[in-house]
Visitor: 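Take a look at the following structure, please.
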Amino acid sequence: MIESGLLLAGVEQAAQSGQTFEVLCPASEQPLATVARGDATDIDAAVAAARSGFEQWSALAPGEREAALLRAADIVECEGEQRYLDLLIDESGSTISKARFEISYTVDLLRTAAGEARRLYAETFPNDNPQRLSMVVREPLGVIAVISPYNAPLALLTKMAGFAVAAGNALVIKPSEETPLIAVAFGKLLVEAGVPAAAVNVITGLGADCGGPLVEHVDIDGIAMTGSTATGQQIGARGMQRMLPMQLELGGKSALLVLGDFEPGKAAAIAAQGLFNHAGQICMANSRVLVERSIYAEFCAELKKYCESMLIGDQRDPATAYGPLINRRSLEKAQAHQQEALAAGATLLTGGEVLAGLVYQPTVLLDTPRHCQAWCEETFAPIMNVVAVDDFEQAVTLANDSDYGLSAGVLTYNYQLGLKACRAIRAGSVHIGMHPFQSNALAPIGGYGMSGLGRSGGHFSTEEFTQLKWISFELGD
Ligand code: NAD
């Protein structure tokens, strides 16, 4: 059994209360680790440390911040598999392929963030008075509260923390209680790479009694949170009490449109890859698939075949599509959504059963009524809803039939229609010829509607983690 402390000013230690909590391994549902259970007292200490860390870190030259992040990237590139592979598999239920992807994406994110450290551009602008000069400077916010989710615990933490640090900020990280170990390992990596220890704090603990005091703390200067919309709403309401800048990356209910000109077999494979990756626990997963009626029957037949041939469960086999759900609550939620949809008139194309433990079969529901939770709420499990549509217009209307707006995909070779869909769909990203689950360290990832506030990736991130100041000079007498 692993024992882990929290990271205060870069040093691993017990919570001040001495309390701990248990982390279970999703595959076995047995205890994996005992972890320090931080609370408001530890948060106070971490915010104070981060304040002094901010003074040190923000005073460094951009090139020095770039160098530290590049060192972190090099370490992950050389040693990421030894350091993080087992943790990602055992703590977050990743398959080996998903864990490898996450490690290489983390390298990419760290290098991209490093580059942004030198690119905190602002501008000068003309002044009608020729004796006056105006310029804008971009300054770091200060101490950032970073609250991370369990589903891609290394990459998504890097995506927030890496860019925040690149812009000169200090961190107090509150990771998911499901995946604290990987976050502590990430904190140690930043210190090893040269970020001042005081600027790196990882306070492990539970959402309400650790995350709550963090987002309410009077001495934080910004919030970056990735997680569910319900949690984002609570955090957002607290952040607004102090008018804090906030980047909130929240839930999704993404649509994949399959138009009649696309090959049904290829579309089925793309749809399956876009949903079943990591057992459907991906914010951009295409949990709603809208298929033009002309190819609907063939698409469904191909999808059933694809699902029933997928290798599921063994996380260390590179051919495995996905492993367990994160915990029993997630499994019960999936079952409840499925039962409600079936009772309301949906039919089961394939799946619907628990294979073993927390491993759920690839499941496809046909014609889920639009009032059902499986259609309108995030299930975050390997359950896909497939609906036939008469034409392009109906596909777009149904794609927009959601409070969320994170991402979408359109499968067609008719790029005119594809581009029309891009313009008509209310989502933060739309991909033609691809499923909605796409990543790129430079892209502005974020959502419309209930999928969040702000954008993350490349300079869009550093813009979120800095603020602008207008400075002007009187040059005359
Ligand atoms: P979650 O909302 O349950 O938890 C997210 C984090 O918030 C955790 O660290 C948790 O401890 C913390 N938290 C919970 N209650 C809190 C409170 N009252 N105050 C402060 N912090 C609190 O999310 P999760 O289950 O870990 O992750 C899955 C969710 O994340 C899904 O909804 C998914 O769509 C979303 N997600 C979004 C993106 C994106 O880029 N938009 C990416 C990945 C995941």
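All ligand and atom numbering here is 1-based and tracks the order in the structure. The model shown is predicted, which means the values in this text are computed figures rather than measured ones. The first residue of the sequence shown is numbered 1, and numbering continues consecutively from there. Heavy atoms only: backbone and side chains are in, while hydrogens, waters and symmetry mates are out.
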Visitor: Does the N or O separation between Leu250 and ligand 1 drop below 3.5 Å for any pair?
Guide: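 So ligand 1 has an N or O lying under 3.5 Å from an N or O of Leu250.
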Visitor: Using distance alone, decide if ligand 1 has a nitrogen or oxygen within less than 3.5 Å of any nitrogen or oxygen in Glu177.
Guide: yes
Visitor: Quick one: which ligand 1 atoms are inside 4.0 Å of a heavy atom on Lys174?
Guide: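 Reading through ligand 1 atom by atom, the close ones are 9 (O), 10 (C), 11 (O).
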Visitor: So is Gly447 touching ligand 1 or not, going by heavy atoms under 4.0 Å?
Guide: no
Visitor: I need the atoms of ligand 1 closer than 4.0 Å to a non-hydrogen atom of Arg238, numbered in the order shown.
Guide: 18 (N), 19 (N)
Visitor: With only distance considered, is Ser228 within less than 3.5 Å of ligand 1 through an N or O on each side?
Guide: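 Yes; at least one N/O pair falls below 3.5 Å.
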Visitor: Parallel, tilted or perpendicular for Phe437 and Phe101, by the 30°/60° rule?
Guide: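 If you compare the ring of Phe437 with that of Phe101, the planes turn out perpendicular.
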Visitor: Need the ligand 1 atom indices (1-based, order shown) with element for anything under 4.0 Å from a heavy-atom of Gln234.
Guide: 18 (N)
Visitor: Tell me whether Glu378 has any N or O atom under 3.5 angstrom from an N or O of ligand 1.
Guide: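 Yes, Glu378 has an N/O under 3.5 Å of an N/O on ligand 1.
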Visitor: List every atom of ligand 1 that sits less than 4.0 Å from any heavy atom of Phe380, numbering the atoms from 1 in the order shown and giving each element.
Guide: 28 (C), 31 (C), 33 (C), 34 (O)
Visitor: Ignoring hydrogens and angles, tell me if any N or O in the side chain of Asp39 forms a donor-acceptor pair with the backbone of Cys210 under 3.5 Å.
Guide: no
Visitor: Does Arg242 use its side chain to pair, donor to acceptor, with the backbone of Val218 at less than 3.5 Å?
Guide: yes
Visitor: Could you list which atoms of ligand 1 come closer than 4.0 Å to a heavy atom of Leu156?
Guide: 42 (C), 43 (C)
Visitor: Could you name the option among Ala208, Gly211, Ala145 that has the heavy atom nearest to atom 20 (C) of ligand 1?
Guide: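 Comparing heavy atoms across Ala208, Gly211, Ala145, the nearest one to atom 20 (C) of ligand 1 lies in Gly211.
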Visitor: Atoms of ligand 1 less than 4.0 Å from Ser148 heavy atoms?
Guide: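 Under 4.0 Å from Ser148, ligand 1 has these atoms: 6 (C), 8 (C), 9 (O).
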Visitor: Backbone N or O of Ala15 within a donor-acceptor pair of the Asp42 side chain at under 3.5 Å?
Guide: no
